[in-house]
Protein chains: 2
Amino acid sequence: MGQRKSGHVTLLDIARASGFSVSTVSIVLSEAPLSQNVAEKTRAHIRAIARRLGYHPDAYARSLRRRRTMTLGILAFDLSDPFCVPLMRGIQEGAHKSGYMPLVMDAQAQRKLFDSYLHTLIERRTEAVIVLASWVFEETNLLGDIRKNNVPILIVGRDLTAREISSILVDNEAGGALAARHLYELGHRHIAVIRGPEEMCDSEPRWAGIRRVVAETGMKLDEQLVFELPGVAGPASGFEGGTHCARQMLKSGRPFSAVLAFDDLTALGVVRGLTEGGVRVPQDCSVMGFDDVLPSEVATPAMTTIRQPLREMGLEAAECVLRAIRSAAPGKAQLHKTQPELVVRMSTAPPAAQFTLQSKTRSKKEASLR
Amino acid sequence: MGQRKSGHVTLLDIARASGFSVSTVSIVLSEAPLSQNVAEKTRAHIRAIARRLGYHPDAYARSLRRRRTMTLGILAFDLSDPFCVPLMRGIQEGAHKSGYMPLVMDAQAQRKLFDSYLHTLIERRTEAVIVLASWVFEETNLLGDIRKNNVPILIVGRDLTAREISSILVDNEAGGALAARHLYELGHRHIAVIRGPEEMCDSEPRWAGIRRVVAETGMKLDEQLVFELPGVAGPASGFEGGTHCARQMLKSGRPFSAVLAFDDLTALGVVRGLTEGGVRVPQDCSVMGFDDVLPSEVATPAMTTIRQPLREMGLEAAECVLRAIRSAAPGKAQLHKTQPELVVRMSTAPPAAQFTLQSKTRSKKEASLR
DNA sequence: TATATTGATTGAAACGTTTGAACAACTTGT
DNA sequence: ACAAGTTGTTCAAACGTTTCAATCAATATA
């Protein structure tokens with residue numbers, strides 16, 4: 001029970017306690033190849049002592065010597081975005097399989113913290129860095145020091161292949177199309193759309209997908225009913241934006257039977273705005289989101305949405321950087337697009353028979369929710 | 001641009017490039033006290049080279065030598081619980097002030113991972129460990145190795161002071177009372193309650209607080225309308241539980257004008273169940289949650305709830321363990337209780353005039369939502 | 001002139017591991 | 001009986017820092 005200065009049990013402690021040298025103890029405890037040559041009796045003895053003393057190898061000393069940290073850095077731009085957690089789970093799963101540990105940092109949507117944590121990750125010698133770029137993600141100087149220290153890097157949620165950074169994102173164009181087609185198939189012909197903020201790279205392709213389907217099917221798209229979120233302060237702001245747009249829609253007096261929102265939080269905001277205006281979802285108006293995050297699932301009515309395969313994307317991200325680590329060569333930046341999936345829940349339904357938005361409809365209660 | 005074996009820029013690289021010794025470079029770059037004696041010219045020179053090469057001190061080597069890692073371990077039992085993120089933010093804030101970094105691990109609600117990550121944190125020599133025990137948290141062997149390696153530990157969301165572990169949690173009794181009183185003041189006299197699973201330590205005190213107010217005010221508490229969540233699979237399961245209980249309530253045919261749910265997700269589940277049964281919230285029935293997590297805020301109607309000051313709790317947690325680190329002495333385990341706060345939103349309203357649940361009321365639209 | 005004092009820099013040991021090479025003590029094959 | 005393996009263990013150097021003590025000039029004090 002002698003007081004070690006560090007407060008932690010070290011190999012030396014065990015060496016002394018067992019009578020063997022530090023080397024032997026190390027070989028046994030780290031299960032090095034040489035440990036085959038160590039007498040079984042010795043091994044058992046050393047292990048027993050280690051357990052008794054509560055020995056844990058010092059990751060710092062070990063990594064310093066082995067020159068491998070077995071860690072992956074995850075840098076989330078804003079961890080409060082529900083988008084991040086499933087991604088992290090996926091990454092964790094992928095990393096775990098290869099004996100790697102994720103090291104998570106949350107930049108709290110602050111540019112300054114982001115840069116500082118990026119440095120931290122380099123200093124911590126994470127063998128690769130995965131950036132979770134949820135919501136708006138200002139261009140930052142990812143390239144500089146990361147490059148000089150040749151650490152593989154990958155970004156999820158943004159396409160930065162133009163900057164030679166591998167990227168993983170959902171096929172937003174396909175997602176937008178999927179959403180629009182769903183509404184079309186329910187019978188909607190007049191839809192309102194809330195586009196994402198222009199700084200967000202997801203915005204444009206989703207919008208393109210919507211437009212494509214609109215053109216293919218001959219739905220109406222009233223210019224006055226296409227809104228754009230102001231691109232600002234983190235995911236929660238989408239909610240406010242949605243509420244605001246919904247009010248505008250109602251005020252405009254123009255006819256629409258469905259709203260296609262940029263993402264789930266925005267869609268939830270729309271529901272709020274419509275409800276306040278006395279419009280029922282989905283009986284009087286359908287609403288769709290995008291992402292499939294927890295709040296959508298537990299809202300009433302549950303939100304119909306386009307699901308991003310977040311877990312799978314995280315898994316892929318992990319595997320991708322692990323490959324990069326193994327093949328020390330820099331390698332070409334790759335773009336991985338994943339396929340979104342329609343999740344039909346309760347916020348969408350066929351439009352009321354003779355729908356005009358001005359006069360409040362009295363559609364039947366049982367509006368055939370699926 | 002010479003290829004260093006490690007791929008990282010080290011002090012030696014800079015020493016060579018600048019013509020000074022490793023010692024001098026270290027002193028300058030780490031801003032050690034001695035650096036005052038180093039000629040200004042030399043300092044500038046060394047710093048310039050460091051910048052040019054993209055030098056980042058190796059946290060491993062540094063910590064090994066300094067015998068301090070300047071990290072705090074955060075071990076979340078289940079990061080997907082929205083409860084965790086604000087806590088982490090608070091911890092991060094508190095840690096940052098003192099130059100500490102949080103190191104986050106997510107046990108994904110798996111006992112096995114939890115233990116393994118706890119070891120990881122010890123190996124990583126985090127100077128203290130903060131456990132985020134959201135939702136059910138099985139007793140685990142926190143004490144063993146942590147104690148042997150004398151790392152301060154603190155748990156948030158559970159009282160383990162009996163086990164000599166400092167704990168921070170909200171005053172659940174007060175919270176329960178706050179909720180019940182709110183409903184009383186709105187005029188509710190017949191309320192249904194959904195208690196938490198019995199394994200969860202929050203359950204009992206919340207229930208006690210409710211009972212106290214019920215007794216004080218003379219409200220009715222119909223035994224048939226008191227439910228208990230089955231304690232199982234993570235926070236999302238509260239939602240299912242809530243839906244299920246709501247159905248039971250309706251089926252029972254007993255009168256009640258408000259539901260007090262164990263937590264927000266459960267409350268959202270109740271809203272779902274009531275809505276399916278044709279009962280409107282809040283016009284026909286009020287619903288309250290507990291915690292104040294994001295989904296409650298963005299649901300429609302927005303959920304009235306009891307807010308836990310999570311950010312503040314995180315801050316307090318950080319400060320508490322930092323104190324423990326400074327005063328190397330073990331110190332008595334402390335219990336910190338924080339005060340919950342009533343957040344009135346749209347899911348609660350005065351009961352309809354002549355309320356009986358069986359015959360659907362036709363209360364006025366404008367049921368005085370505040 | 002000898003002795004402190006100061007200023008600028010460096011040598012070398014240490015932090016806790018890992019690991020290639022060496023060593024000693026036994027076998028074995030010839 | 002001697003080289004050549006085995007088997008079980010240890011030496012010592014290295015990983016990239018930090019920091020105490022030491023060095024060496026040059027200037028100030030006695």
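Throughout, protein chains are lettered first and strands after them, A, B, ... in sequence-line order, and every chain is numbered starting at 1.
Rounded to an integer number of Å, the gap from B:Arg125 CZ to C:dG16 P is 9 Å. Protein atom CG of A:Leu12 is 13 Å distant from nucleotide atom P of D:dT10, rounded to whole Å. Protein atom CZ of B:Arg68 is 16 Å distant from nucleotide atom C1' of D:dT19, rounded to whole Å.
In terms of phosphate contacts, B:Arg67 brings a side-chain nitrogen or oxygen within less than 4.0 Å of OP1 or OP2 of C:dG16. At the phosphate of D:dT9, neither OP1 nor OP2 sits under 4.0 Å from any side-chain N or O atom of A:Thr24. Applying the 4.0 Å criterion to OP1 and OP2 of C:dT9, one finds that B:Ser21 has every side-chain N and O outside that range. For the pair A:Tyr60 and C:dT18, the criterion of a side-chain N or O lying under 4.0 Å from OP1 or OP2 is not met.
The base of C:dA12 sits with one of its N or O atoms less than 3.5 Å from a complementary donor or acceptor on the side chain of B:Ser23. Not a single donor-acceptor pair, N or O on each side, falls under 3.5 Å between the base of D:dT17 and the side chain of B:Arg65.
Two residues, A:Pro57 and A:Leu34, neighbour DNA chain C, and the one matched to the more 5' nucleotide by heavy-atom proximity is A:Pro57.
Taking the six-membered ring for Trp and the full ring otherwise, the centers of A:His56 and B:His119 sit less than 6.0 Å from each other.
The existence of a salt bridge linking A:Arg62 and A:Asp58 is excluded, since no basic side-chain nitrogen approaches an acidic carboxylate oxygen closer than 4.0 Å.
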